[in-house]
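Structure first, commentary second.
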Amino acid sequence: MQSSDAGRPIPRGARSNAVHAMLVAVPAPVAQDVERDLCATAEGRACRVIRVESFPEPLPEGLLVLWDHGGPLEAVKARCQWAHARRLQTRTWLVVLTKREGEEAEALVEAGADECVAPPGTRWGARLVALRRRSADGDAQALRRARDMFQGALDAVPEPLFIKDREHRLVAVNTAYCRLLDQPAEALRGTVTSALISPLQAETAWRQDERAFTTGQTVEDEGSITDAKGRSREVLTQRAAYMLPNGERFLVGLVRDVNERTRLETQRRLAERMTSVGTLAAGVAHEINNPLSYVTSNLAYLWERVAQPVVPAEQLEELRQVVAEALEGAGRVRSIVRDLRTFSRTEEEQHGPVDVRRAVEDAVKRMRDEFQQRSSMACDLEPVAAVHGNEGRLAQVVTGLLTNALQSFGDRPPEENLIKLRVRPGREGHVLIEVEDNGQGMAPEVRQRIFDPFFTTRSPKGGTGLGLSICLTLVHAMGGHIEVASEQGQGSLFRVELPALALPPESARPVQAVANVVDESAQAARATRSLRRLLLIDDEPAVGSAVSRLLRNLYEVHVIQDAREALTRLSRGEKFDAILCDLMMPGMSGMDFLVELERLAPELAPRTGLMTGGVNPQAREFVGRRARELLEKPFERDQLCTFVETLMQ
């Protein structure tokens, strides 16, 4: 046994094969007896004895012997409590050398002492053996707890996770990784991944592991992994190496199922889309209900007046105003529905090379009259490459931006207003369209919301608030983006940037004004064909009645609600010069009717037109392949007449 040492005690964290014994305030004769007893045993001879007058802090591990000098019990209890609160219970043994017995001895044990022994005590070597066993059991218990906590933490990670040693052996895996390879954890631990997957996958995994080990950086790669049943999955694996204090190196890997990630991304987009739909629905309800309220009120008032046997002449002017207001409100509803269609189906349009300048010129032609009345305009259209998109939709974007510019002038005199329209090459591989105005400009809080659906600073009759939102949607569909620069009182600049195609631009053409001239020959044709027979098929009786009233002075209109009945009449030999059929109907749709008509009366199929209030992508594709034209509801009288006249020709 080593000699006594009254110096500094060995710290708690120290590790040695020898067990330490600390004698606290033990008188020298008693301490010598304790050491003599320890020296009589093999365990005690390897023990290092430390004599101190009071407990140090932190307390060392080993045998702690406290002397009770016989003073007040509470003082000894306090020292026991102090030591017990600060010691490692599994690695220390607290003995009180005391002459107290009975309840007083029990009180010291309750205060934290492991034993109360009459001085100088015996069997000190046996206590060291018991302490070593307690320490070993405590270490094993702590190790099991740490292992369980570690494995529980791994299993709590939802993605497959593995840990490998430097020899690429799996030392830890979580439940998700076991499911991925369809193997139990016991079969995976200690194995090399290459034994579980295909040679090509194993080679790739080994190479990526080595890259993470040698570079010390996070390595990410995407590939396939095949489980024990031969099922293959596309996965994304992230690897990172780390080192323990003793120098051992390990690798942790996290595996993500690419298909699952795609599914979650789809769910996220669907959730975002549903949120957008909710916003749109609220906006649509607000925008449509406003005009609808006075449309229904005016129609109810009109119904009351025309129900009278005689309408006084002095009321006719008021009734004309009532009808005009109802028509204006219906027009606003129609405009909202048209804008929503454009907003929702941009991806259904046919796309191809688009001549940017031609699309811009078309937009300028459409708005020529408004420019003449409200603003001056300067155009600078440089030759540019074509872009991929839809020419009509690009013209709609420019029209929307020009309309927004006109609205920014408010009630200012036209001579004060100026719009600059420029088309020029942008950064490499891009085309720029710029619309600049010297209008009122926008405050920052307005500029942040201008592309939100239904957001507008105009009066109720100044727009639906969908114009710029539609522009943004159309530009994104062509792979481009819109930038806005504006300050209040300083005007605004909208810049559209689109990716260019590698196609040579057409030669420059000047912007020309185009007047909307009514085709007089078409009017003459209507007059000469006023007695031609038109078959109208629509399952909604009110639509049939309305269309029939609009056309009855031009054609002999026959209205049917069922497409199958129409086929029956045609099979019996009834003749018609043209057919106008609703696209979406119960029973037999307009698409089914047209297919049957091509078989039954092929000469009538080219003179059959379809009309609809809404169409899905499959129906639109059918119309593009099989039908001559498509008339979208709601329509105005001139649109309807022109459409039918085209069918008659």
Would you check if [X] and [Y] make a side-chain contact, meaning some heavy-atom pair closer than 4.5 Å?
{"X": "V644", "Y": "L551", "value": "yes"}
{"X": "E325", "Y": "V295", "value": "no"}
{"X": "V496", "Y": "L432", "value": "no"}
{"X": "D538", "Y": "V547", "value": "no"}
{"X": "I560", "Y": "L536", "value": "no"}
{"X": "P586", "Y": "D539", "value": "yes"}
{"X": "L468", "Y": "L472", "value": "no"}
{"X": "L498", "Y": "V475", "value": "yes"}

_Run the side chain to side chain contact (heavy atoms under 4.5 Å, CB included) test on M377 and L421 for me, step by step, so that the C-alpha distance in whole Å, both residues' side-chain angles and the decisive distance to 0.1 Å come before the verdict._
CA-CA 7 Å; M377 183 172 184; L421 175 61; 3.4 Å; yes
Looking only at non-hydrogen atoms, find the nearest pair between [X] and [Y] and report the distance.
{"X": "A363", "Y": "A395", "answer": "CB-O, 3.5 Å"}
{"X": "C581", "Y": "G590", "answer": "SG-CA, 3.9 Å"}
{"X": "Q440", "Y": "G410", "answer": "NE2-CA, 3.8 Å"}
{"X": "F643", "Y": "L610", "answer": "CZ-O, 3.8 Å"}
{"X": "L570", "Y": "I579", "answer": "CD1-CD1, 4.2 Å"}
{"X": "C471", "Y": "L401", "answer": "SG-N, 4.2 Å"}

| Step by step, would you call E483 with R495 a salt bridge (Lys or Arg N to Asp or Glu O under 4.0 Å)? | CA-CA 5 Å; E483 296 177 354; R495 180 179 290 113; 3.6 Å; yes
Test salt bridge (Lys or Arg N to Asp or Glu O under 4.0 Å) applied to R564 and E596, step by step = CA-CA 10 Å; R564 289 167 295 194; E596 287 297 314; over 6 Å; no
[X] side chain to [Y] main-chain N or O, any donor-acceptor pair under 3.5 Å?
{"X": "S548", "Y": "G544", "result": "no"}
{"X": "S571", "Y": "T568", "result": "yes"}
{"X": "S486", "Y": "G491", "result": "yes"}
{"X": "H476", "Y": "L474", "result": "no"}

Roughly how far, to the nearest 0.5 Å, is the [atom2] atom of [Y] from the [atom1] atom of [X]?
{"X": "L647", "Y": "R532", "atom1": "CG", "atom2": "CZ", "value": "12.0 Å"}
{"X": "E598", "Y": "L604", "atom1": "CD", "atom2": "CG", "value": "11.5 Å"}
{"X": "I537", "Y": "M588", "atom1": "CD1", "atom2": "CE", "value": "9.5 Å"}
{"X": "M442", "Y": "N404", "atom1": "CE", "atom2": "CG", "value": "7.0 Å"}
{"X": "E415", "Y": "S376", "atom1": "CD", "atom2": "OG", "value": "8.5 Å"}
{"X": "H388", "Y": "L394", "atom1": "NE2", "atom2": "CG", "value": "12.5 Å"}

Any side-chain donor near an acceptor of the partner, H558 and E556, under 3.5 Å: yes
Sequence neighbours excluded, the answer for side-chain hydrogen bond (donor to acceptor under 3.5 Å, both in side chains) partners of R412 is N417, N438
Take L597 and T608 through the side chain to side chain contact (heavy atoms under 4.5 Å, CB included) test and state the conclusion after the steps.
CA-CA 9 Å; L597 184 66; T608 298; 3.1 Å; yes
(message) Could you tell me if R533 sits above the aromatic ring of F576, with its cationic atom closer than 6.0 Å to the ring centre and no more than 45 degrees from the axis?
(response) yes
**Prompt:** So L580 and M611, side chain to side chain contact (heavy atoms under 4.5 Å, CB included) or not? Walk me through it.
**Reply:** CA-CA 7 Å; L580 183 59; M611 58 181 177; 3.9 Å; yes
So salt bridge (charged side-chain N to carboxylate O under 4.0 Å, His left out) across residues 577-588, not counting sequence neighbours, yields D582-K633
Applied to residues 304-317, the salt bridge (charged side-chain N to carboxylate O under 4.0 Å, His left out) test, sequence neighbours excluded, yields E317-R320
Report task. Please determine if R358 and E391 form a salt bridge, counting it only when a charged side-chain N lies under 4.0 Å from a carboxylate O. Result -> yes
| task | Evaluate salt bridge (Lys or Arg N to Asp or Glu O under 4.0 Å) for R422 paired with E382, printing each intermediate quantity in order. | result | CA-CA 8 Å; R422 291 183 292 269; E382 300 180 24; over 6 Å; no
Inset, instruction - Run the numbers on I419 and E436 for side chain to side chain contact (heavy atoms under 4.5 Å, CB included), then give the verdict. - result: CA-CA 6 Å; I419 295 177; E436 184 177 6; over 6 Å; no
